Enquirer: 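Dropping the structure in here first, questions after.
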Amino acid sequence: MITSSPTRVPVTPAQTDLSALKFNQYSVIGVTLLALISGLSVLTLLLGAAMLLGAVYPDLSPLRAAYRMFGQRLGLRPEVVEEDPRAHHFAQGVGGVFLLASSLSGLAGLPLLGLGLGLMVIALASLNLSQKICVGCLMYFQYRRLRYTVLSR
């Protein structure tokens with residue numbers, strides 16, 4: 001019996017657009033700052049929900065759609081690198097959770113907690129922009145490492 005070898009489909013390496021990440025970080029900083037200054041918790045609620053949607057379903061991301069509409073007009077050119085985007089999606093999800101918690105804290109009458117959570121998101125997005133240190137990505141890699149350690153026992 002002659003068997004044919006399985007057909008190998010070339011694997012395309014995962015890609016990440018660094019300009020889209022910068023756009024997202026500037027958007028997060030700007031909208032969160034505006035929400036904290038104006039006291040409009042609904043802005044952080046909407047942004048947090050948009051970030052969570054983008055983290056779970058990247059193709060439906062409102063921030064990605066905004067980048068596609070406005071990125072080039074703002075002078076951003078795609079800077080695509082071969083890098084797995086899952087860590088960035090995880091980080092976006094963490095930021096979204098923090099913004100939702102910030103918003104809900106403000107709406108629940110805990111404005112200092114909401115302010116602190118919002119400022120933390122701004123600080124971490126600024127750290128990523130200025131020093132290229134993505135704390136949410138580091139959390140993702142630690143989570144993966146812990147998961148591997150636990151499952152390999």
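What you are looking at is a predicted structure, and each value in this text was computed from that prediction instead of being measured. Positions are given from 1, in the same order as the sequence printed here.
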Enquirer: In terms of side-chain heavy atoms, does Y148 have a donor or acceptor partner in R144 at a distance below 3.5 Å?
Expert: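 Checked: Y148/R144 side chains show no N/O donor-acceptor pair below 3.5 Å.
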Enquirer: Could you go step by step and tell me if Q15 and E83 meet the side chain to side chain contact (heavy atoms under 4.5 Å, CB included) rule?
Expert: CA-CA 5 Å; Q15 297 181 329; E83 181 179 316; over 6 Å; no
Enquirer: Verify the cluster assignment for L127 and M139: are they in a single hydrophobic cluster under the rule of side-chain heavy atoms below 4.5 Å apart?
Expert: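 The answer is yes; both residues are in one hydrophobic cluster.
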Enquirer: Say you draw a straight line from CG of L110 to OG of S105; how long is it, rounded to the nearest 0.5 Å?
Expert: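 Interatomic distance, L110 CG to S105 OG, rounded to 0.5 Å: 5.5 Å.
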Enquirer: Is there a side-chain contact between L36 and I122 (heavy atoms, below 4.5 Å)?
Expert: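 Counting from C-beta outward, L36 and I122 do come under 4.5 Å.
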Enquirer: Is any side-chain heavy atom of D84 closer than 4.5 Å to one of T16?
Expert: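 Side chain of T16 against side chain of D84, heavy atoms only: no contact under 4.5 Å found.
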Enquirer: Grab the two heavy atoms, one from P85 and one from A14, that are nearest each other, plus how far apart they are.
Expert: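 Answer, listing the atom of P85 first, then A14: CD-CB, 3.7 Å.
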Enquirer: Would you give the length of the straight line joining atom OG of S102 to atom CG of L115, rounded to the nearest 0.5 angstrom?
Expert: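 These two atoms lie 7.5 Å from each other.
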Enquirer: Backbone N or O of S41 within a donor-acceptor pair of the T44 side chain at under 3.5 Å?
Expert: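 Confirmed, T44 side chain pairs with S41 backbone.
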Enquirer: Give, for atom CG of L99 and atom CG of L52, the distance between the pair rounded to the nearest 0.5 Å.
Expert: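 If we round to the nearest 0.5 Å, L99:CG and L52:CG are 9.0 Å apart.
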Enquirer: Nearest heavy-atom pair of L45 and S103: which atoms, and what distance?
Expert: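 Scanning both residues completely, I find the closest heavy atoms to be CB-OG, 3.1 Å.
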Enquirer: Considering non-hydrogen atoms only, spot the tightest contact between A125 and I29 and give its length.
Expert: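 That would be CB-CG1, 3.7 Å.
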Enquirer: Once rounded to the nearest 0.5 Å, what's the spacing between atom CZ of F70 and atom CG of L76?
Expert: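 The distance works out to 12.5 Å.
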Enquirer: Which word best sums up how the rings of F90 and Y143 line up, parallel for under 30°, tilted for 30 to 60°, or perpendicular for over 60°?
Expert: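 The rings of F90 and Y143 lie parallel, inter-plane angle below 30°.
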Enquirer: Roughly how far, to the nearest 0.5 Å, is the OG atom of S27 from the NZ atom of K22?
Expert: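 One finds 14.0 Å between NZ of K22 and OG of S27.
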Enquirer: Do other residues, nucleotides or ligands put more than 12 heavy atoms under 6.0 Å from Y67 OH?
Expert: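 Yes.
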Enquirer: Side-chain contact test, heavy atoms from C-beta onward, threshold under 4.5 Å: evaluate it for L53 versus S61 and give yes or no.
Expert: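 In short, these two side chains do not touch, never coming nearer than 4.5 Å.
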Enquirer: How many angstroms lie between CD in Q92 and CG in L63, if you round to the nearest 0.5 Å?
Expert: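 If we round to the nearest 0.5 Å, Q92:CD and L63:CG are 6.0 Å apart.
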